[in-house]
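Please read the structure below before turning to the comments.
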Amino acid sequence: MLYIKKANGEYTVADEDDVIYEAITIYNRYFARGEKLDSPDKARDLIKLKLASYEHEVFLCLFLDNQHKVIACEELFRGTIDSASVYPREVVKAALQHNAAALIVAHNHPSGVAEPSVADKAITEKLKQALGLIDVRVLDHFIAGETVYSFAEQGLI
């Protein structure tokens, strides 16, 4: 049971809307410009929160500076219930616009299965190659489903 403090100082049971509001507030604070992503778990939790509600695939990028502080978080591509087209050229263009030194990419699997497909592995490799040409590091690729899969933790990046 969660409680919230009302303006008059009294505590009351939090309803779902209160919990969602607070989660969004925390999410926005963590993805605010200048927030340092100092652990994979922090990035994982925030990405899961961001992507959990979608019923279609969404591909996003967290653009980071040299200190791994957030510059921006952008949803770059939207797809259908089982795929989204990702264009490395557009990711490179966005990285240059944000003057990013590194990035984390993520997408969801609305099916709930967070295992990477052959296409997921292929696009990750294409992104690493394309971004490597402009000296932008790909730190991780997360896939959010019922759990969150990390390419870096599995040795795929």
Side-chain angles (χ1 to χ4, degrees), residues 16 19-157:
E16 286 182 2
V19 173
I20 290 169
Y21 174 81
E22 288 303 319
I24 290 169
T25 301
I26 292 166
Y27 167 84
N28 288 335
R29 184 173 63 241
Y30 280 122
F31 280 150
R33 185 175 181 87
E35 182 67 29
K36 187 170 186 173
L37 291 181
D38 50 9
S39 77
D41 288 338
K42 188 175 187 181
R44 173 188 284 108
D45 292 345
L46 295 169
I47 286 166
K48 176 140 176 127
L49 175 64
K50 174 73 172 165
L51 296 175
S53 65
Y54 289 114
E55 294 179 353
H56 56 277
E57 280 201 18
V58 174
F59 184 93
L60 65 81
C61 289
L62 282 169
F63 299 98
L64 309 171
D65 67 12
N66 278 325
Q67 307 295 312
H68 299 166
K69 291 181 182 174
V70 176
I71 297 170
C73 176
E74 277 188 33
E75 292 177 17
L76 294 182
F77 308 102
R78 288 177 170 247
T80 62
I81 60 168
D82 62 356
S83 68
S85 296
V86 176
Y87 302 97
R89 171 186 166 79
E90 295 301 315
V91 177
V92 168
K93 193 164 95 174
L96 289 170
Q97 287 172 336
H98 289 295
N99 199 29
L103 56 82
I104 295 171
V105 298
H107 76 282
N108 63 321
H109 281 176
S111 67
V113 179
E115 291 296 313
S117 66
V118 172
D120 293 335
K121 292 176 182 177
I123 195 61
T124 302
E125 193 55 41
K126 283 183 184 179
L127 289 171
K128 281 176 44 183
Q129 290 174 2
L131 290 158
L133 294 172
I134 59 166
D135 295 325
V136 175
R137 297 178 317 279
V138 177
L139 301 178
D140 208 339
H141 181 169
F142 289 107
I143 301 173
E146 290 184 20
T147 60
V148 180
Y149 183 95
S150 164
F151 276 63
E153 287 179 354
Q154 299 302 317
L156 299 174
I157 287 193

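Any value given below was found using the heavy atoms of this structure, including those in side chains, with hydrogens, waters and symmetry copies removed.
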request  = Measure from the side-chain N and O atoms of Lys48 to the backbone N and O of Glu146, and report whether any donor-acceptor pair falls under 3.5 Å.
outcome  = yes
key: Which residues share a side-chain hydrogen bond (donor to acceptor under 3.5 Å, both in side chains) with Asp65, sequence neighbours left out   = none
task = Hey, could you give me the CD1/CG distance between Ile143 and Leu51, rounded to the nearest 0.5 Å?
result = 11.0 Å
query = So how far is it from Ile71 CD1 to Cys61 SG, rounded to the nearest 0.5 Å?
reply = 12.0 Å
ask   = Above 12 or not: heavy atoms from other molecules or residues under 6.0 Å from CD of Glu153?
value = yes
request  = Sequence neighbours left out, what pairs pass salt bridge (charged side-chain N to carboxylate O under 4.0 Å, His left out) with at least one residue falling in residues 53-63?
outcome  = none
message = For Lys121, give me all partners under salt bridge (Lys or Arg N to Asp or Glu O under 4.0 Å), at least two apart in sequence or on another chain.
response = none
query = Taking all atoms of both residues into account, what is the closest heavy-atom pair of Ala130 and Pro88, and its distance?
reply = CB-CB, 4.2 Å
task = Could you tell me which residues satisfy salt bridge (Lys or Arg N to Asp or Glu O under 4.0 Å) with Glu115, sequence neighbours excluded, listed by chain and number?
result = none
message = Around atom CD of Gln154, are there more than 12 heavy atoms from other residues, nucleotides or ligands closer than 6.0 Å?
response = yes
ask   = Partners of Gln67 by side-chain hydrogen bond (donor to acceptor under 3.5 Å, both in side chains), sequence neighbours excluded?
value = none
remark   = Hits for side-chain hydrogen bond (donor to acceptor under 3.5 Å, both in side chains) against Arg78, two or more places apart or cross-chain, chain-then-number order -> His56, Glu75
ask   = Which residues satisfy the salt bridge (Lys or Arg N to Asp or Glu O under 4.0 Å) test with Lys128, sequence neighbours excluded?
value = Glu125
inquiry  = Applying ring pair (Phe, Tyr, Trp, His ring centres under 6.0 Å) as the test, list every pair that has at least one member in residues 99-118; sequence neighbours left out.
reply    = His107-His109, His107-His141
inquiry  = Could you work out, with side chain to side chain contact (heavy atoms under 4.5 Å, CB included) as the rule, every residue matching Ala152, not counting sequence neighbours?
reply    = Asp140, Ser150
request  = Please report the shortest heavy-atom distance between Tyr87 and Phe77, naming the atom on each side.
outcome  = N-CZ, 3.4 Å
task = Would you indicate whether the side-chain heavy atoms of Leu156 and Tyr149 approach each other to under 4.5 Å?
result = yes
request  = Measure across Ala94 and Phe63 and return the closest heavy-atom pair with its distance rounded to 0.1 Å.
outcome  = CB-CZ, 3.6 Å
key: With sequence neighbours excluded, residues passing side chain to side chain contact (heavy atoms under 4.5 Å, CB included) with Thr80   = Asp82, Ser83
request  = Check side-chain hydrogen bond (donor to acceptor under 3.5 Å, both in side chains) between Ser117 and all other residues, then give those that pass, not counting sequence neighbours.
outcome  = Asp120
message = Test of understanding: with salt bridge (Lys or Arg N to Asp or Glu O under 4.0 Å), list the residues that count as partners of Asp45, not counting sequence neighbours.
response = none
ask   = Which residue, Leu64, Val105, Leu103, forms the side-chain contact (heavy atoms from CB on, under 4.5 Å) with Leu139?
value = Leu64
Interatomic spacing from CG in Asn66 to CZ in Arg137 - rounded to 0.5 Å = 6.0 Å
query = Would the number of heavy atoms belonging to other residues, nucleotides or ligands and lying under 6.0 Å from CG of Leu96 be above 12?
reply = yes
task = Report the distance from atom CZ of Phe151 to atom CD1 of Ile104, rounding to the nearest 0.5 Å.
result = 13.5 Å
task = Sort out for me which residue in Val92, Asn99, Leu131 forms a side-chain contact (heavy atoms from CB on, under 4.5 Å) with Val136.
result = Leu131
request  = Drop me the distance from Ile47's CD1 to Lys50's NZ, to the nearest 0.5 angstrom.
outcome  = 11.0 Å
